Each structure stands twice: as structure tokens, then as C-alpha cells.
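Computed from a predicted structure; not experimentally measured.
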Amino acid sequence: MAILDELVTQIENPDLRARIAAEVEKLAKQKKFGLVFEEHLPECTPLWDIPVKKGGKVALKTGQVSDFYTVLKIEDGIATCLNKDKSATAEFKVDELVSVAEFGEPIYPYLKPIDKVCNAPDSDLWHTLIEADNYHALQLLEYLYAGKVDCIYIDPPYNTGAKDWKYNNNYVDNSDQYRHSKWLSFMQKRLKLAKKLLNPRDSVLIVTIDEKEYLHLGCLLEEMFPEGRMQMVSSVINPAGAGRQAEFSRTDEYIFFVQLGDSSILPESREQENIPVIWDTLRRSSLANARGMHGKGACGPNQFYPIYVNDKTGRIEAIGEPVFEGIDRHTAPQRDGCTAVFPVRPDGTEMNWGIKPEEAKERLKGGYLKAGKHSPSAPQQYVISYVTGGNIKDIEAGIAIIDGYEEDGSVRAYYPKGRDKMPTTNWNRPSHDAQRYGTNIIKPMIGGRFPYPKSVYAIYDCLKFFIANKNDALVVDFFAGSGTTLHAINLLNADDDGHRRCIIVTNNEVSDAEAKNMSGQGLHPGDEEWEKFGIARYVTWPRTVCSIEGHDINGSPLKGNYLGSDLPMADGFKANVAYFKLGFLDKNAVALGRQFREMLPTLWMKAGAHGACPTIGEEQVDMLILPENKFAVLVDEKEYMAFAEKLDEHPEIETVFIITDSESGYRDMIAGLDVKASYQLYRDYLDNFRINAARR
């Protein structure tokens with residue numbers, strides 16, 4: 001229906017347009033059964049590396065990439081362009097335009113090195129971060145690793161309507177009547193490619209989602225993976241609950257596990273240490289819960305009240321009465337020797353407490369409420385913490401055990417080691433708290449650059465149930481966000497000396513607010529000043545470097561240990577990561593074989609990403625022998641004999657690439673080589689490396 005609506009608007013005759021629109025509306029009202037959704041207008045791709053030239057498709061850098069033109073001529077830096085319905089021409093400055101490709105038009109990718117972090121020079125294990133639209137990154141990964149991936153973990157956009165994702169380079173929000181089917185169309189295209197990556201004999205796809213799309217996603221996964229075995233787990237990630245007006249507070253999200261072939265869930269390893277019950281921050285964090293907010297999700301009017309803390313003992317003495325909207329908090333009654341603590345952010349914003357005063361009094365009696373850090377000059381002088389309802393229920397049920405009380409009357413409680421053997425479908429684990437083990441882990445590294453990161457232990461647990469016994473597993477995450485999956489893989493490798501390799505993919509989008517701000521300054525996507533604030537460069541890469549090297553963005557050592565281990569965060573990880581940006585090559589240059597230098601990182605990944613990614617200069621080469629990378633390339637087939645002799649000297653080389661247009665010649669050459677894998681180039685770059693083609 002979305003495409004029909006788009007086409008109807010292009011009908012010039014108003015009477016005909018109205019009649020067809022009426023018929024389309026009737027069709028839309030017909031009852032549908034099963035998972036039915038629109039394909040929508042095809043996604044388009046900006047090609048920043050391809051110059052604007054006559055005959056090419058282009059779009060305005062400041063416009064929607066789907067609103068493209070064909071360049072008729074270029075004179076004096078001005079491009080004369082024909083719009084896509086061929087009804088009118090327009091003139092633009094060339095530097096205001098970007099080349100684009102429609103879905104189905106072949107494009108030719110390469111990996112442009114951006115940066116690297118090497119904290120394990122003696123290891124040949126290299127992870128990879130690819131900055132790209134994940135659809136095209138997946139197409140390239142299909143060429144590289146079809147059927148070889150052990151685990152795919154993704155945390156896609158939840159489609160909440162809060163402009164959390166883009167379709168055709170445009171944010172999708174609540175006002176879009178097709179946002180659910182656009183989301184499904186967007187996901188289906190990517191899951192089709194993801195399925196090709198997974199090892200059909202033994203692998204798992206893990207997808208997290210919330211209640212906005214979990215029903216649609218479940219149907220889509222069942223439709224796309226009929227051979228798979230699927231389960232859904234409910235996981236508590238916000239014990240305090242995300243308050244919503246007239247609705248249940250949401251504490252959990254959902255995780256779909258799709259197992260292929262012989263994939264099986266491993267028994268949960270017994271905890272080696274008791275795990276303390278987690279204390280959560282009582283002050284609400286979302287601005288939707290600020291004092292006086294009345295919209296959806298806001299707290300009640302009685303959740304702004306004083307908590308009296310004794311200044312000498314640090315003990316909470318009493319819970320005061322609510323101070324209602326419109327009344328200055330400083331007029332609240334005082335208590336001798338105590339500070340009246342209200343929920344106030346460091347910037348002075350008045351918030352609400354997470355529970356009502358009656359509940360606060362009950363928790364204080366039970367030892368489930370306490371005052372912590374004292375900051376005399378802060379608007380909220382004491383941090384107030386509490387034990388959440390789920391943990392209290394565990395204590396009452398004997399799942400968690402009280403070990404005594406602190407001097408301030410607060411409980412000491414823990415979950416005893418070895419309490420679980422097999423994981424269940426309901427996860428209420430303190431270590432999965434996104435605030436405590438997501439935000440509070442990456443904020444000391446990179447500041448508040450990313451609002452809602454996953455708990456690193458939540459992803460760690462998802463992965464370990466399937467790859468704990470696969471020390472050489474290949475893991476892919478093509479919705480990388482802040483990079484938590486790579487962080488979790490490094491932690492898993494550190495725990496058992498594993499050699500698991502992780503490939504993460506993220507775009508470099510800036511937020512809607514940042515985009516508007518920079519557009520107002522005359523900046524556009526593609527400008528260096530714009531790109532440096534995108535998620536890949538501003539969040540994912542800095543977090544990756546900081547977690548591996550064990551410091552924050554200012555170089556100061558990280559504090560604390562990883563949960564349940566004696567591994568200091570300041571020690572970082574013995575790991576290496578190469579950071580690339582997915583670019584696109586001119587197909588004519590590719591056909592002439594002039595792009596070998598740009599192809600080298602792709603060949604490195606194809607060969608298993610062993611050792612640091614090699615580079616070559618401008619000089620012509622006849623062959624490349626790269627024993628540290630375990631691959632070699634024969635560039636000039638006339639040098640085959642010398643090439644074969646050099647391979648005999650390096651038995652560690654496992655993969656060979658031979659550049660020749662002759663199929664029979666290629667077969668003759670590889671017959672004399674003792675290697676695990678061989679590939680023919682370039683007959684081929686235009687065949688093997690081409691992506692986005694309509695046949696896909």
C-alpha cells in the first residue's frame with residue numbers, strides 16, 4: 001500500500017487521482033491474516049567515494065537520498081539534473097550533491113582503513129569494526145563468510161516512534177502510518193542476508209526487542225527460519241521500571257534465540273563467588289519522570305518528597321511528606337541534624353523518586369533503603385539507593401540470602417553460588433541491569449555520549465550459552481550501537497583464553513537534534529566536522545579503544561574490576577581491532593584492475609583476518625607473500641613458478657588469491673599448490689565483489 005500511495009500522488013489528473021485513491025483505501029481496509037507488510041520504496045545508498053559525473057544518479061546532501069536526479073551535464077561546477085520522474089530539470093552546485101545508487105543497481109565496495117588498536121602484538125587475532133550501512137556491509141560479509149558464522153547477535157532499532165531509526169535516510173517517527181511495515185521490510189532485507197552468513201550445521205541468531213515489535217518480529221523469524229528452533233526469553237534490564245502513564249512500568253525486554261542445525265544451549269556454569277544483591281538508584285533518570293510532568297510515563301504527584309539523612313551517621317532517619325507541584329521544595333519541614341534530600345539532578349532539574357513515600361517507609365524499615373555518597377555542594381547532597389522489588393521477592397523466597405546489616409540498618413544480601421544449572425526463559429539477573437552495567441560502565445570511559453547501552457554482562461550471558469565451548473567462534477553484530485558485543489567477546493576471551501573473533505557493523509549517523517544543529521551551521525553529511533560526531537566515530541570506536549587499553553578518553557586509568565572476576569578494568573584486554581569504513585569503487589576502474597590496493601583489506605578479511613591488515617604503496621607488485629597474514633596473492637600470472645616456490649618456503653600460508661581472467665589457467669595453477677583455500681580474482685571483482693544487484 002505504501003508504494004501505491006506514493007504512485008497515486010504522482011497522478012496529474014485530479015479526478016482520476018481521487019478515484020484511484022478511493023479504491024486504494026478500500027483495499028487497505030480488507031482484512032489480512034498472517035504477517036503481511038509493505039515492501040515500500042527501495043532503499044537508496046549515498047556513494048560518497050564516487051564523483052558526480054554526467055549520466056550518474058545524484059541526490060542533494062541536505063535532502064532525502066530517495067529524491068534523486070540524473071545528471072545531464074556539468075559546466076563550471078554547476079550540474080544540470082533531471083528529476084526522477086523525468087518531468088523537470090534543475091541546477092545545483094556539484095559540491096551540494098552526492099552520487100547515489102538505487103536498490104538493484106550494482107555497486108562495488110571496498111574497506112577503507114580508518115584506525116586500529118593493537119593491545120596484543122603477539123596475537124594474530126584481530127576483530128573488525130566496519131562503519132557502513134549494515135545492508136551493504138552484510139552483502140560484503142556474504143562474500144567473505146557465507147555459512148561460516150557461529151553466532152549473530154543484534155539489537156535492532158525497537159521502532160518506538162521516538163526517531164530511533166532511519167528508512168531511506170529519513171527518520172521514522174510516530175506520525176508515519178507505515179512505520180511498522182517499513183520496519184519489517186527493513187528487517188527482512190537484513191535477516192535474509194544474515195541467514196546466509198550463519199553456519200547451517202551449528203549456529204544461533206540472537207535478536208533483542210521490546211513490546212513494540214516483538215509480535216511482528218517473532219512471526220518474521222518463524223517465516224524466515226522454518227528450519228530453526230526458536231525460543232523467546234524475557235530479561236529484566238531495568239529493575240526500577242520505565243514508568244508510563246496508565247500503563248504497567250516496563251522492566252524487561254525480549255530476546256529471540258533461533259538455533260540452526262546441532263546448536264544447543266550449554267548448561268550454565270556454576271558461579272564461583274556469591275553475587276551481592278544490587279542496590280539501584282532511587283532517583284528516576286528519564287526526563288519523562290521530572291517533577292511536574294503529566295504526560296505518558298510520568299510519575300505520580302506524590303513521588304517528590306524529602307528523605308532525611310543524619311549528617312553525622314549518614315543514616316536515613318525519616319521519610320517526609322510529598323511536596324506537590326508549585327510548592328518550593330525549600331519550604332519543606334526541616335529535621336534537626338539532618339539534610340532533607342530531594343531527587344534533583346546535578347544540573348538542578350527536579351525529578352521524582354522511583355517509589356511512593358509509603359513504600360519508601362516500608363523499605364526503610366526492612367533495611368532496603370540507604371544513603372550513600374555525600375556531596376555537600378550538589379543540589380542532591382546524598383545518593384539514595386534501594387533494593388528493587390524483584391530482589392526483595394528473591395530474599396523473601398530464599399533465593400537470595402541476608403548476611404547481616406550495615407551500621408545504617410541496610411541489609412547485606414547475596415545470591416549464593418551454584419544456584420542455577422540450566423538457564424530458564426525468565427531472566428531476572430542483577431548483572432543485566434542496563435543502568436548499572438551498561439551506562440555506568442561506558443560513561444566513565446567516554447562520558448554521556450550514548451544514552452541507553454546494554455549491560456555488557458547481559459550480552460555476555462547470551463553469547464556464552466552457545467559459544468562457551470567454541471574458543472574460535474566467529475561472531476557478527478550488524479547493529480553494533482556502542483559496541484557492547486565486542487566488549488562482551490573480549491571479556492569472554494579473557495575469562496577462558498579464547499580466540500573468538502568479532503565483526504561489528506554500525507553506521508555513522510548523528511542524532512536528529514545534532515543533524516539539525518549542524519545543518520544550521522552549513523554542515524552536511526560527508527563533511528569531516530559532521531562525521532566526527534557520528535555514532536561510529538564518536539561512540540563505538542572510542543569505547544572500543546578505551547575498553548581494550550583500560551583508560552578513559554582522557555587517558556586516565558579505568559577504576560574497578562569486572563563483575564565476578566579479579567580482572568581490573570584498567571588492565572584492558574589482550575585484543576586487537578581494525579576499524580574500516582565501507583566505501584565504493586568506480587566500476588570502470590575496477591574492470592581495468594586498478595584497485596588492488598583498495599581491495600587488500602577485503603582479501604585480508606576473506607583469508608581470516610590474521611595479523612595486522614597489510615598495506616602496499618603505489619609501486620606495482622607481481623605478487624604478495626604475507627606469512628603473518630596467512631595468505632598470498634599472485635598479481636602477475638607470468639610469475640607463477642616463482643610464486644609457487646615462495647609458497648613452499650611458507651607452509652603457514654593457508655589462502656591464495658590468483659588474479660587471472662582465465663578459468664582454465666586458474667585451475668591449472670591451483671592444482672599445483674598445497675593450500676586450504678584459493679580464489680580467482682578479478683574475472684571477478686565485477687562478479688564476486690558486486691553487491692546490491694537486483695538478483696539479490
Side-chain angles (χ1 to χ4, degrees), residues 1-3 5 27-40 43 134-135 152-167 171-195 198 204-238 241-260 263 265 296-297 423-428 432 434 452 454 458-459 462 465 477-479 481:
M1 301 306 295
I3 292 178
D5 285 347
L27 285 172
K29 291 180 178 178
Q30 290 182 3
K31 201 165 191 177
K32 301 173 182 178
F33 296 91
L35 188 63
V36 182
F37 58 94
E38 313 298 338
E39 287 296 326
H40 295 282
E43 296 178 61
N134 58 14
Y135 182 77
I152 293 177
Y153 175 98
I154 55 173
D155 181 34
Y158 285 5
N159 200 19
T160 63
K163 292 190 174 181
D164 58 339
W165 69 291
K166 282 186 172 184
Y167 189 88
Y171 278 107
V172 179
D173 59 26
N174 264 328
S175 64
D176 191 325
Q177 63 177 320
Y178 294 112
R179 71 182 177 92
H180 291 292
S181 58
K182 280 182 179 178
W183 187 87
L184 282 166
S185 181
F186 168 88
M187 289 298 296
Q188 183 196 46
K189 290 187 181 79
R190 286 150 180 82
L191 288 172
K192 278 183 179 178
L193 292 170
K195 183 175 182 178
L198 289 166
V204 62
L205 168 67
I206 306 171
V207 190
T208 62
I209 200 68
D210 74 357
E211 76 273 20
K212 301 295 182 184
E213 295 289 359
Y214 83 99
L215 293 171
H216 295 137
L217 176 62
C219 289
L220 181 63
L221 291 172
E222 283 192 334
E223 181 180 289
M224 298 187 69
F225 294 87
E227 75 281 29
R229 305 180 310 283
M230 186 169 77
Q231 277 191 291
M232 187 182 79
V233 165
S234 172
S235 177
V236 175
I237 61 166
N238 182 3
R244 296 173 178 179
Q245 190 174 22
E247 294 182 8
F248 296 111
S249 292
R250 186 175 71 87
T251 62
D252 58 353
E253 66 179 8
Y254 307 105
I255 311 173
F256 283 101
F257 295 89
V258 182
Q259 297 175 250
L260 300 179
S263 172
I265 300 171
K296 186 176 181 181
T424 68
T425 57
N426 190 292
W427 295 358
N428 189 356
H432 292 193
Y452 302 112
K454 284 277 190 293
I459 297 182
C462 287
F465 289 133
D477 179 353
F478 53 89
F479 286 103

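In plain terms, the two heavy atoms of Gly228 and Val258 that are nearest each other are CA-CG1, 4.3 Å. Taking both residues in full, the closest heavy atoms of Val204 and Leu198 are given as O-CD2, 3.7 Å, listed atom of the first, atom of the second, then distance. Looking at every heavy atom in both residues, Val233 comes nearest to Thr424 through CG2-O, 4.3 Å. The two residues Cys462 and Ile255 make their nearest non-hydrogen contact at SG-CD1, 3.8 Å.
The SG atom of Cys219 sits 13.5 Å away from atom CE of Met224, with the distance rounded to the nearest 0.5 Å. For the atom pair Ile237 CD1 and Arg250 CZ, the distance stands at 5.5 Å (nearest 0.5 Å). Rounding to the nearest 0.5 angstrom, the gap separating the CE atom in Met232 from the CD1 atom in Ile209 is 11.0 Å. Once rounded to the nearest 0.5 Å, the distance linking CD of Glu211 with CD of Glu253 reads 10.5 Å. A distance of 4.5 Å separates CG in Asn134 from CZ in Phe479, rounded to the nearest 0.5 Å. Atom-to-atom distance recorded for Lys195:NZ and Leu221:CG is 10.5 Å, nearest 0.5 angstrom.
Remark: Gln231 engages Ile265, Thr425 in a side chain to side chain contact (heavy atoms under 4.5 Å, CB included) (not counting sequence neighbours). A search for ring pair (Phe, Tyr, Trp, His ring centres under 6.0 Å) contacts involving Tyr254 returns Tyr214, not counting sequence neighbours. The side chain to side chain contact (heavy atoms under 4.5 Å, CB included) search around Thr251 returns Val236, not counting sequence neighbours. Under the side chain to side chain contact (heavy atoms under 4.5 Å, CB included) criterion, Asp155 pairs with Tyr153, Tyr158, Thr208, Lys454, sequence neighbours left out.
Annotation: side chain of Phe257 is not in contact with side chain of Ser263 (no heavy-atom distance under 4.5 Å). Side chains of Leu191 and Ile152 form no contact here, defined as non-hydrogen atoms less than 4.5 Å apart. Between Leu184 and Phe186 the shortest side-chain heavy-atom distance does not fall below 4.5 Å.
Ring planes of Trp427 and His432: perpendicular class, angle over 60° (limits at 30 and 60°).
For the side chain to side chain contact (heavy atoms under 4.5 Å, CB included) test with Phe225, the passing option among Glu223, Glu227, Arg229, Glu222 is Glu227; the others fail.
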